[in-house]
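Have a look at the structure below, then the notes.
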Amino acid sequence: MSPSANPPAWLKQPPPPGSYRSIFKWGAPDRFHHPKPALLDYLQARLGLRREDWQQPRHTGLETIAPPEGPRLAAEHIERLSAIVGPENAQTDPFARLRFAHGQSAEEILQLRRQQPRAVADLVLHPRHREDVVTIVRYCHQARIPVTPFGGGSSVTLGVRPALGGVTLAMTTHMHRVLAFNETNQTITVEPGLFGPAYEDYLRRAPEHFGARRRYTGGHFPQSFEYSTVGGWIATLGAGQQSTYYGDIYDLVLSQTCVTPAGTITTAEYPASATGPKINDILKGSEGALGVLVAATLKVFRHRPRARRCFAYMLPTWETAVLAAREISQGEFGRPAMLRISDGAETEAALQMYGLGHPLVDKLLRLGGLPARQRSLLIGQSDGEPGFARHVARQSGRICRRLGGRWLSGYPARRWARTRFLDPYLRDDLFDMGILIDTLETAVPWDRLAHVHAGVRAAITARPRTLCLTHASHFYPQGTNLYFIFITPLPEIEDYQAFQRSIIQRIAACGGSLSHHHGVGKMMGPMMEQHLGKEQMAVLRVLKNHFDPHHIMNPGGTLGLE
Ligand SMILES: Cc1cc2nc3c(=O)[nH]c(=O)nc-3n(C[C@H](O)[C@H](O)[C@H](O)COP(=O)(O)OP(=O)(O)OC[C@H]3O[C@@H](n4cnc5c(N)ncnc54)[C@H](O)[C@@H]3O)c2cc1C
C-alpha cells in the first residue's frame with residue numbers, strides 16, 4: 001500500500017521541554033510541514049521501501065536528556081566569568097550546556113537522536129553588549145579557556161561544537177540591536193545576534209523604525225533565514241537565495257567590529273579603498289576562530305515588492321538548463337535575484353513538492369518533447385527598479401525559449417518562494433521514519449560543472465537505495481554552485497560519517513570547492529590544507545597566531561587551524 005493511502009504517524013506535538021528533540025528539532029517547536037502524499041509515494045518507489053518502513057517513528061529523541069559530566073571548568077572561573085554578565089546571564093545547567101553545543105548537521109542530529117551527544121559546553125554566557133564580550137575574551141585569553149560564539153545554531157558543519165568545552169557565548173539573547181541606520185549611504189549597522197526576520201523587519205519598516213523616506217531590504221535570504229543570525233551569516237560566508245542579484249554576504253558587509261584576544265578591531269566603512277589587503281575580508285568567514293563579531297555594517301537595497309517578476313521554464317535537459325543559466329548570468333542585461341536550475345532527478349521530485357506532479361502535467365510536458373527524468377526545471381525571480389525587473393525576466397525568458405524551454409507561468413517560482421522556509425521541517429519527519437536527507441554543496445567554474453555534477457552524482461548513487469537530487473542556485477558570470485541532496489535509508493552514525501566524508505572527498509577530487517556557502521567548521525576542517533595548499537594554510541595559521549595566540553577561539557579544528 002502506498003503511504004499516501006495510509007499516511008505515516010507523523011509526530012505532531014512540540015517536543016517535551018528538556019528532551020533531545022527540543023535541541024535538534026528544526027524551527028518553531030509547534031510548527032510542522034509534513035511531506036506531501038505524492039512525495040512519499042515518490043520516495044517509497046525510488047528508495048524501494050515497504051509500507052511497514054513508514055509505520056513507526058524511531059530514534060525520535062523524545063527522551064529527557066541525560067545530564068552530561070562536569071562542568072570541567074574550575075568553579076573559580078565559572079564564578080568570575082558569571083560575574084561579568086551577572087548570574088542571570090550565566091548557565092551551567094545540563095540542558096543549556098547541551099543545547100548551546102549543537103548545530104543542525106545531520107551528524108549532530110543523529111547523535112542526539114541516539115542520545116549520544118559528543119560535545120558539551122562547560123558554561124553558557126549571554127553577553128549583554130560589546131564590553132561584556134571584551135572582558136570575557138580577555139579573561140579567557142589569560143586563563144586559556146576555549147570560547148565558542150553561538151548565533152542561531154544553524155551551522156551544518158559542526159561550527160558551534162565546543163570540541164574542547166569551555167565557554168559558549170549565546171549572542172542572540174541580548175546582542176540584537178540596531179546600532180545605526182544611514183539612509184544617505186544605504187547602510188545599517190547591527191549587533192550580530194539579530195535573527196533574519198527581525199533584521200529584515202527593521203529594513204522593510206525603516207520609515208516606522210528610523211523615520212526613513214523609503215523601505216529597504218537586506219537581500220540576504222538563506223533557507224535558514226528564520227533561525228540564523230547576521231553574525232552567523234558573516235562568520236560562515238553565507239549566501240542567500242537571492243544572491244545572484246544582491247550578492248553573497250561577502251559582498252554585503254562593509255565593515256565590522258571584532259573582539260579578538262589580541263584586541264578589538266573596527267574596519268573602515270568606505271565603499272572601496274586601495275589600502276592594501278583588507279582586514280575586513282580576513283575577518284569575514286573566520287567562523288569565530290579569530291574573534292567574536294560584535295557589530296557589522298551592511299549594504300541595504302530599496303525594497304520594491306511590486307516590481308518583482310517570477311518566471312519558470314521547463315528545459316529539455318540539464319545541459320540546456322545549465323546553458324540557459326550561463327547565458328542569463330553572462331548576458332549583461334542584469335541578473336535575476338533568484339535563479340535556480342534542477343537536474344532531471346530533482347525536477348521530478350520538485351514537481352511533486354510544488355504540487356505539479358499531476359499525470360496531466362506530465363503528459364503535457366511529454367507531448368511537448370520534455371520526457372521525465374531528462375527535463376530540467378528553471379525558476380527565477382527578478383527584483384529591482386520595475387523596468388529593470390521586467391527586462392531581466394523577459395531576456396531570461398528569451399534565452400530559455402531559444403534553448404527549447406517551455407514556459408510554465410510564474411507559479412512554480414511563487415510556490416517555491418512561499419514554501420522555501422518550510423522545506424527544512426520535512427527533515428525531522430523523514431528522519432523519524434528512517435530516511436536520511438542531507439546536503440553538501442560546492443562552487444564550480446562553468447567549465448568544470450558537468451564533471452563535478454556527474455562525478456559526485458555517481459559517488460552518491462553508487463550507494464544502494466540512494467537518491468541524489470542536484471540544483472544550482474547562486475550564479476556568477478564565471479560559474480555557480482552545485483547543491484547535492486542525498487536521500488537514503490537512515491544509516492548508523494559511523495556508516496553515515498564514512499558516506500558523507502566520501503562525498504566530500506569526491507567533490508574535492510572532481511575539482512569543486514570545499515564549500516560554497518556553508519562554511520568549513522570542524523567538519524571540513526581536516527581537508528582545508530589539501531584544499532588550499534600548504535602556503536595559503538600557513539598564512540591562515542599566522543593570522544590565527546596573531547589574533548588568537550593561545551588558540552582559545554572556537555578551537556578543536558575550526559577551519560583546519562589546529
Ligand atoms: C535548513 C538549513 C538551511 C540552510 N540554508 C542555508 C543557505 O541557504 N545559505 C547559507 O549560507 N547557509 C545555509 N545554511 C547554513 C547556516 O544556516 C549558515 O551557516 C548560517 O550562516 C549560520 O548562522 P547562525 O546564526 O545559525 O550561526 P551559528 O550556527 O550559530 O554559527 C555558525 C558559525 O559562526 C560562528 N559565529 C556565530 N556568531 C558569531 C559571532 N558573533 N562572532 C564570531 N563567530 C560567530 C560560530 O562560532 C560558528 O562557527 C542552512 C542551514 C540549515 C540547517
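By convention here, the first residue in the shown sequence is residue 1. Atoms within each ligand, like the ligands themselves, are counted from 1 in listed order.
The heavy atom nearest to atom 25 (O) of ligand 1, considering only Thr260, Val259, Leu293, Thr229, is found in Thr229. Considering each of Gly153, Ser228, Gly27, the one bringing a non-hydrogen atom nearest atom 28 (P) of ligand 1 is Gly153. Comparing heavy-atom distances from atom 8 (O) of ligand 1 across Arg161, His220, Gln223 singles out Gln223 as nearest. The nearest non-hydrogen atom to atom 49 (O) of ligand 1, considering only Pro127, Gly159, Gly103, comes from Gly159. Between the choices Gly238, Ser154, Ala106, the shortest heavy-atom distance to atom 20 (C) of ligand 1 belongs to Ser154.
For His129 and His174, the distance between ring centers is not under 6.0 angstrom. Between His59 and Phe431, the distance from one ring center to the other does not fall under 6.0 angstrom. The aromatic ring centroids of His33 and Phe421 lie 6.0 Å or more from each other.
Nearest protein heavy-atom neighbour of atom 47 (O) of ligand 1: Pro149 O, 2.6 Å. Ranking protein heavy atoms by distance to atom 31 (O) of ligand 1, first place goes to Val160 CG1, 3.5 Å. Summary of contacts: the protein heavy atom closest to atom 12 (N) of ligand 1 is His518 CD2, 3.7 Å. For atom 32 (C) of ligand 1, the nearest non-hydrogen atom of the protein is Thr236 CG2, 3.7 Å. For atom 14 (N) of ligand 1, the nearest protein heavy atom (residue, atom name, distance) is Ser224 OG, 3.7 Å. Nearest to atom 10 (C) of ligand 1 among the protein's heavy atoms is His517 CD2, 3.3 Å. Atom 24 (P) of ligand 1 has as its closest protein heavy atom Gly152 N, 3.4 Å. For atom 27 (O) of ligand 1, the nearest protein heavy atom (residue, atom name, distance) is Gly232 CA, 3.4 Å.
Under the 4.0 angstrom criterion for non-hydrogen atoms, Phe195 is not in contact with ligand 1. Taking a 4.0 Å cut-off on heavy atoms, Gly291 registers as neighbouring ligand 1. By the 4.0 Å heavy-atom criterion, Gly519 is excluded from the residues contacting ligand 1.
Taking the six-membered ring for Trp and thresholds of 30 and 60 degrees, Phe301 and Tyr246 have ring planes more than 60 degrees apart, a perpendicular arrangement. Between Phe221 and Phe225, the two ring planes are tilted [angle within 30° to 60°].
The line from OG1 of Thr558 to CE of Met528 is 10.5 Å long, rounded to the nearest 0.5 Å.
Atoms of ligand 1 found under 4.0 Å from any heavy atom of Asn554 (numbered from 1 in listed order, with element): 47 (O), 49 (O). Near Ala235, meaning under 4.0 Å from any of its heavy atoms, are these atoms of ligand 1: 34 (O), 35 (C), 36 (N), 44 (N), 45 (C). Using a 4.0 Å cut-off to heavy atoms of Pro424, the atoms of ligand 1 that qualify are 1 (C). Less than 4.0 angstrom separates some heavy atom of Val156 from each of these atoms of ligand 1: 51 (C), 53 (C). Listed by number with element, the atoms of ligand 1 under 4.0 Å from a non-hydrogen atom of Pro192 are 41 (N). Near Trp26, with a cut-off below 4.0 Å to any heavy atom, the atoms of ligand 1 are 53 (C).
At under 3.5 Å, a nitrogen or oxygen of Gly151, whether backbone or side chain, sits near a nitrogen or oxygen of ligand 1. When only interatomic distances are considered, the shortest N/O to N/O separation between Gln104 and ligand 1 does not fall below 3.5 Å. For a threshold of 3.5 Å applied to N or O pairs, the pair formed by Pro222 and ligand 1 contains no separation below that value. Residue Glu287 has at least one N or O atom closer than 3.5 Å to an N or O atom of ligand 1. At a 3.5 angstrom cut-off on N or O pairs, Ser155 counts as close to ligand 1. Taking only nitrogen or oxygen atoms, main chain and side chain alike, Ala239 reaches within less than 3.5 Å of ligand 1.
Of the possible polar contacts, one joining the Thr419 side chain to the Arg415 backbone as a donor-acceptor pair under 3.5 Å is found. The closest donor-acceptor contact from the side chain of Gln242 to the backbone of Gly219 lies at 3.5 Å or more, if one exists at all. Under a 3.5 Å cut-off, the side chain of Asp122 and the backbone N or O of Arg72 do form a donor-acceptor pair. For Asp201 (side chain) and Pro197 (main-chain N/O), no donor-acceptor pair under 3.5 Å exists by modelled atom type.
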Inset, instruction - Let me see the working for Val167 and Leu73 under side-chain contact (heavy atoms from CB on, under 4.5 Å), right down to the final yes or no. - result: CA-CA 9 Å; Val167 172; Leu73 204 54; 4.3 Å; yes

Legend entry - Pair Tyr20-His102, ring-ring contact (aromatic ring centres under 6.0 Å, His included): steps then yes or no: CA-CA 11 Å; Tyr20 290 101; His102 285 88; 8.7 Å; no

Inset, instruction - Go through the steps for Glu226 and Arg31 under the test salt bridge (charged side-chain N to carboxylate O under 4.0 Å, His left out), then give the verdict. - result: CA-CA 13 Å; Glu226 292 173 307; Arg31 200 160 158 206; 3.4 Å; yes

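At a threshold of 4.0 Å, the pair Arg128-Glu88 does not count as salt-bridged, since none of the basic side-chain nitrogens sits closer than that to a carboxylate oxygen.
With His474 as the fixed residue, the ring-ring contact (aromatic ring centres under 6.0 Å, His included) test singles out one of His517, His518, His220: His517. Each of Tyr202, Tyr216, Tyr199 was compared with Phe181 under the ring-ring contact (aromatic ring centres under 6.0 Å, His included) criterion, and only Tyr216 meets it.
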